[in-house]
A.B. asks: 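Have a look at this one.
Chain identifiers are assigned alphabetically (A, B, ...) following the order of the sequence lines, protein sequences preceding nucleic acid strands; residue numbering begins at 1 within each chain.
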Amino acid sequence: MDPSLAILQLRAELGRALMETSGLAPLLDALGEALRRILRLDVIWIWTSDAATQNLELQATSGGSPAEPGRRRLLPLNRSRLGQLAMKNTPQLFAEALDPGLGAELGLPAPGERGGSLLAWPMSSADEQLGILLAYGRGPGHDAAFELLGGMMPILIQALVRRRDEEKLEADAKALATVNRIVNALSTVHELTKLVQIVTDEGTELCGAEFGAFFYNVIGKRGESYMLYTLSGVPIEKFSRFPMPRNTAIFAPTFAGQGVVRLDDVTQDPRYGRNDPYFGMPRGHLPVCSYLAVPVSSRSGEVLGGLFFGHAQPGMFTERHEQLMLAVAHQAAIGIERARLYGELETQYKAAAEAREHYRALIELSPQFVWTSAADGTLTYSNQRWYDYTGLSEAETRGPELATVIHPDDIARLSEVWDAAAAHGLPYETELRFRQKADGSYRWHLSRAMPIRNAEGNLSHWVGVSIDIHERKEAEAALTYQSHLTRTITDNAASCLFMMDKRGHPTFMNPAARELIGYQSLEEIKDRSLHEAIHRTKPDGSPYPLEECPIDNAQNALEPIRNKEEVFCTKDGRLFPVSYSLTPLQRDGELIGSVMEFRDITAQKQLERALRENEERLAARVQERTAQLEASNKELEAFSYSVSHDLRAPLRGIDGFSDVLLRRYSDSLDETARSYLIRVKEAAGRMGSLIEDMLKLSRLTRREMRRERVDLSAMAASVIALLQEREPDRIVAITIAPGLETFADPVLMRAVLENLLGNAWKFTGKLEGSAEIKFFSQPMAGELVFVVRDNGAGFDMEYQDKLFTAFQRLHSENEFEGTGVGLASVQRVIRRHGGRVWAEGLVDGGASFYFTTGAPMPERSLA
Amino acid sequence: MHAAENRVILLVEDKRDDADLTLMALAESQVKNPVVHVKDGAEAIDYIMRRGKHAQLEAAPITLVLLDLNLPKVGGLDVLRRIRENAESRMIPVVILTTSKEEEDLARGYALGANSYIQKPIDFTRFSETVKQLSMYWLVLNECPPTPRKGGSQ
């Protein structure tokens, strides 16, 4: 192999690679490939060293097993075999015995299987360690190639340095552009979330992180602080199920604003994995290895949040990244503060605008008039209510038309009030009437205005409101009238009126009360209870304790009293009887006092006493009379009894011995004597009947009366049947109305019917024509009257008053037999029932007997 | 034992006329029994109880008492009560023969154990007819209660 040709060849390849590639790794890949091909070697590795991280990184592998894609191969400079070789800065050839440590680091075959040689060539430039190149050839015979490689190395190093510088420049330019973008964003974007997203995105890119996050504190509307975050390089959903970072040992320096934390491998840090509950990153967390955390603090030192960057590979963040991120954090702090300020301003501005709108709406909607005027009184604003109510336009309100909506009687007072207020710049208040357009009526308003002064204390303008107080004025007027009315009534009332408060102290006294009690005014008694004033003494003169007072107790129990009697006393201690009523007054269920009305009933009492005495006298007389009557009744009964015994016994003797004479001594007597004896016997018989009837009459009078429903129709039929039985030959046309009923004593009613029907039967006995007896009823003046009518002998109405007198007869005994007791009995019975009996008759023209029973008329008989 | 017709009818009647008429009526009605007439309640009780002036009397037993109510000294109803209270006399038939027809007298008479209550008719024909029916019933038709042995225990 011609070395010059090989070098030319390499230069050509280099030139093309520099043209065609960008970035360090692709260039080194191309160079490694060219070297391997030109020098006919088997594997070329090129590692570069990083001063910041003190790592060697494999940049290119040509011929060997390629590195896993996306997986960096790093070796610490000072702790690896390869690192040691690189630091030695002396090329070394491993021919027969390959360094076993090195073999493991490079992934070369184990010693037993090898059969090649390895050349390690450290790369450096002006004391700067750049990396190391390794070349491997299988089998023997690579000395020439290794030698040639040595010659090529300066070209290689030159290319490496050049490309690295280019890269650095490019990165700087990029970083500058990024920072510039951030600064631009910060000055144009005021929305915090957008701003922090930009910072996170750009920061992540700038430091070459796989993912970045910005956790930042925000102050809520109610002043509370809470944390938000943005993510970059990973969708936000990946993080949404993790809790916010806590103040763990790893995070603490950042959130406390103590400084930057930069770690090549966070999992190796002693502070890592010390905290509950995860002891490290929770499951499913991004695979963070390289770790860079920068606090974001305001100028005042307040920690606003933290920028966090991560990379799955170790050692990704350098000093430079740290510096860049500090700058970004600084800019972010400014931006956040500005965004906050802007947000606050915006909020304040919005709030002010809302408040303005709010008050404007309130004023416009207000049912009151609201207005402002200049210092001289010229109207500057009126709310809509004013225009709606008055119907005036804005111009009219400023002009002479204003006076047309104010009541003429109020204009003078208003000017007076305004002039006085304007002269001294003082608030004023007045009542006046404004005319409403709707119906032309005036309504009372309370108008108030207040001067507003500027900062210098000069009157700048007036604000005023007018409230509709029409209802109140009306109510006041009604109340005034009402109280006048009440006063008129109470002043002129004949009754005495008092009002008490809930303690029982008098609060009102009308003239009638004043006059009767003798106090000149309420002042005299208002400091003690009314009880004390007018009720302190019992009728017997002893003190009347308040606890026993029924009036006071009723008031406390909220129980009204109607027309009860008490004895009150006047101012000078005179007692007098009263009738009083008490009405407790309550408001919302609570006692507030009571009204008491009373009147002097001395005269009434006297009258009552006189009446009562009269009644008593009367009752005594009635009792006396009753006793007398009872006594005479008793005598009468005794008399009747003795009559029944003592009068009948001699009669029996008269009849008995006459009989004996007639039977046993008939032969000794002539016809005349016998006829006389017969007449003696007849007379005795008549007297017996008389006594019998008299006793019956007496018994009817004494009998205890018991009313029950009596079927008079059936009773009359039964009486007629007996009469017919006694005289079966007589033919009498009987008409008994059906359903005649009354409520009376059945035994006594039977006696009545026996007498009346018996009379009718008797007095129709001598008729030449056909006899008729009718029994019926007829309503008469609201009473049911029963009638027994016959067409018999009748009677002369001239003697009707004797009809019902005992033993009075209107017919001779020769004509009709009878004792004259029957109708007297009827009258007694009917009178005992509280009814009436009377008769109508005509001589030979029949008779009608009417009677009532004192029972209420059955309803159906009314129909 | 006394023959039925030897038994005594006791007539208690204060009024002479009534007594005579009753005796006449009894005579007309063919009554064979002896009639003892006492004029007041006290004597009636004495006779029935065998005391006072009747104490030593060895009399035939009483078959019927005809009792007026309106009596001097002791009233007819009191006599009736005494008859019913006394073990020896309480089964003797007593017929009240009186003028009164007062309900009260009727009720009290029966309450005290009268066997009949008859009002004396004024008409003598009816009166003697009544007495005839009465004696026929009580002395002939009716079986008298057994005579208690004098002073004997039951």
A.B. asks: Counting heavy-atom pairs under 4.5 Å to chain A, which of B:I122, B:D17, B:T125 comes out on top?
C.D. replies: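 Among B:I122, B:D17, B:T125, the one with the most close pairs to chain A is B:I122.
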A.B. asks: Check step by step if salt bridge (Lys or Arg N to Asp or Glu O under 4.0 Å) holds for B:R126 and B:E129.
C.D. replies: CA-CA 5 Å; B:R126 281 174 58 208; B:E129 187 59 32; over 6 Å; no
A.B. asks: With a 4.5 angstrom heavy-atom cut-off, is it the side chain or the backbone of B:E104 that approaches chain A, or both, or neither?
C.D. replies: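 Neither part, no heavy atoms under 4.5 Å.
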A.B. asks: Using only heavy-atom distances, determine whether the side chains of B:R82 and B:S89 contain a donor-acceptor pair under 3.5 Å.
C.D. replies: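 B:R82 vs B:S89: no donor-acceptor pair found between side chains.
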A.B. asks: Is B:D123 in contact with chain A via its backbone, its side chain, both, or neither, using a 4.5 Å heavy-atom distance?
C.D. replies: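 It is both, since atoms from each part get that close.
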A.B. asks: Determine, for B:Y47 and B:R50, whether the Lys NZ or Arg CZ falls below 6.0 Å from the six-membered ring centre while staying within 45 degrees of the axis.
C.D. replies: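 Yes, a cation-pi geometry.
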A.B. asks: Ignoring hydrogens and angles, state whether a donor on the side chain of A:R707 or A:T853 is under 3.5 Å from an acceptor on the partner side chain.
C.D. replies: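 Short answer, no.
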